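I have placed the structure first, in the form of structure tokens, so that the comments after it can refer back to it.
Numbers for residues simply follow the sequence, beginning at 1. Everything numeric here is computed off the predicted structure, so don't read it as measured data.
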Amino acid sequence: MYLYHYGLQQLPFTITPNTQFYCDLKSHQQAAKVVLTALKTGEGFIKVTGEVGTGKTLLCRRLLSDIPDFFKTAYVPDSYLNPEELRRAIAQELAVDTQSIEGEHQLARALQQRLLEINQAGQSVVLIIDEAQALPEQSLEAVRLLSNLETQSRKLIHIVLVGQPELDERLQQHHFRQLRQRISFSYQLTAMNAQETAQYIGHRMSVAGYNGAPIFPAKVVTAIYECSRGIPRLVNMLCHKVLLLAYGEGRHQLCLNDIKLAAEDTDDVTYRSRTKRLILWGVLLISGLCIAAGALLTDYLPWEALS
């Protein structure tokens with residue numbers, strides 16, 4: 001690959017979530033803060049949503065390391081599970097021996113007993129479910145019922161639902177109103193802005209071992225941001241491809257043509273040349289001026305003159 005060419009120790013822009021490359025973006029900071037604050041105040045249900053590629057799985061992994069030791073964590077990354085499979089996955093995360101357990105009722109009782117044991121040891125459980133928008137309807141109901149488990153003073157389990165915006169759409173359905181009303185804290189992850197995109201690229205290159213002069217010029221970073229709309233996964237894909245292109249030609253410096261070629265080879269991105277961007281901004285500016293002029297005419301001309 002191009003590691004030796006650029007003096008890297010590892011690939012900087014893989015799309016596999018890797019906490020070693022975690023970049024503390026503002027949106028992720030806020031999401032983590034919301035979740036940790038909700039847990040400290042004893043809330044039962046927390047929801048975090050974000051578009052595809054905005055780093056939800058990486059956020060889950062950060063939370064697993066940042067949640068205080070007072071809490072015992074359970075992580076379910078695969079949400080395509082029926083109620084029994086979901087309970088079994090949670091029980092296994094909490095060190096319940098499920099091999100000898102048969103049937104949903106016995107499994108539910110074993111899970112409840114384990115939650116009580118953890119509570120008696122002075123801890124609470126935090127369950128993080130990734131890709132929660134894919135939970136089957138009955139499994140979502142099972143999650144709600146699980147949240148009912150509590151002592152007189154506190155919840156036995158706190159549940160963090162992490163998913164795509166489709167999760168919000170599902171929860172708006174009438175038959176999910178009980179679950180929806182129990183969600184006390186919510187946060188929506190956003191894409192990176194232009195400045196964060198530059199920070200993100202530099203951070204990943206540094207973690208990968210690069211310590212030379214910058215090879216991503218400002219105009220290239222701007223083009224990557226515009227093509228990717230600031231979505232981390234798309235930024236990774238574009239950066240990997242432009243590094244490959246330059247490596248193939250024996251170059252260290254990247255250029256706009258690299259971005260153009262990478263964008264043409266990548267789904268869900270659109271490359272606009274500088275000329276096209278200027279034309280677009282010109283059209284938007286003229287449209288804005290026309291709207292403003294129309295508003296002024298409406299304010300200052302008599303109604304009779306407009307009729």
(request) Kindly state each residue pair satisfying salt bridge (charged side-chain N to carboxylate O under 4.0 Å, His left out) with at least one member in residues 110-138, sequence neighbours excluded. (result) Arg114-Glu117

Which pairs of donor and acceptor atoms, one on a side chain in residues 61-74, lie under 3.5 Å apart (sequence neighbours left out)?
unit_1	atom_1	unit_2	atom_2	d
Arg61	NH1	Pro17	O	2.7
Arg62	NE	Asp66	OD2	2.8
Arg62	NH1	Tyr22	OH	2.8
Arg62	NH1	Asp24	OD1	2.6
Ser65	OG	Arg62	O	2.8

(request) Output all residues satisfying side chain to side chain donor-acceptor pair (under 3.5 Å) with Gln173, sequence neighbours left out; order by chain, then residue number. (result) His175

(request) Output yes when a side-chain donor or acceptor of Tyr271 lies under 3.5 Å from a complementary backbone atom of Ala262, and no otherwise. (result) no

(message) Checking Asp268 now: which residues fulfil side chain to side chain donor-acceptor pair (under 3.5 Å) with it, not counting sequence neighbours?
(response) Arg229

(message) When you group the ILVMFWY residues by side-chain heavy-atom contacts below 4.5 Å and let the links chain together, are Leu146 and Leu161 in the same group?
(response) yes

(request) State which residues pass side chain to side chain donor-acceptor pair (under 3.5 Å) with Arg182; sequence neighbours excluded, sorted by chain then number. (result) Ser147, Asn148

(message) Main chain of Leu189, side chain of Ser27: is a donor-acceptor contact present, judged purely on distance under 3.5 Å?
(response) no

Using atom types as modelled, flag every donor-acceptor pair under 3.5 Å from a side chain in residues 234-244 to any protein atom, sequence neighbours excluded.
unit_1	atom_1	unit_2	atom_2	d
Asn236	OD1	Tyr200	OH	2.9
Asn236	ND2	Thr14	O	3.1
Asn236	ND2	Tyr200	OH	3.3
His240	ND1	Tyr2	OH	2.9
Lys241	NZ	Asp265	O	2.9
Lys241	NZ	Asp265	OD2	3.2
Lys241	NZ	Thr266	OG1	2.8

(message) In this structure, would Leu11 and Leu58 fall into the same cluster of hydrophobic residues linked by side-chain contacts under 4.5 Å?
(response) no

(message) Are more than 12 heavy atoms, taken from residues, nucleotides or ligands other than Gln29, located less than 6.0 Å from that residue's CD atom?
(response) yes

(message) Using modelled atom types and a 3.5 Å cut-off, is there a donor and acceptor pairing between side-chain atoms of Gln133 and backbone atoms of Gln164?
(response) yes

(message) Whether the side chain of Arg233 engages the backbone of Thr54 through a donor-acceptor N/O pair (distance < 3.5 Å, no angle test) should be reported.
(response) no

(request) Kindly write out the residues that satisfy side chain to side chain contact (heavy atoms under 4.5 Å, CB included) with Glu85, not counting sequence neighbours, or none if the list is empty. (result) Leu81, Asn82

(request) Just grab all the salt bridge (charged side-chain N to carboxylate O under 4.0 Å, His left out) pairs involving residues 158-177, residues at least two apart or on different chains. (result) Lys47-Asp168

(request) Kindly say whether Leu179 contributes a backbone atom to a donor-acceptor pair with the side chain of Arg144 at under 3.5 angstrom? (result) no

(message) Using the side chain to side chain donor-acceptor pair (under 3.5 Å) criterion, which residues pair with Thr37? Sequence neighbours excluded.
(response) none

(message) Quick test of your reading: applying side chain to side chain donor-acceptor pair (under 3.5 Å), list the pairs with at least one residue in residues 118-127, sequence neighbours left out, ordered by first then second residue.
(response) Asn119-Arg154

Atom pairs and distances, donor-acceptor, side-chain atoms in residues 99-107, under 3.5 Å, two or more places apart:
unit_1	atom_1	unit_2	atom_2	d
Glu104	OE1	Arg87	NH1	2.9
Gln106	OE1	Glu102	N	3.3

(message) Applying side chain to side chain contact (heavy atoms under 4.5 Å, CB included), can you list everything that pairs with Thr16, at least two apart in sequence or on another chain?
(response) none

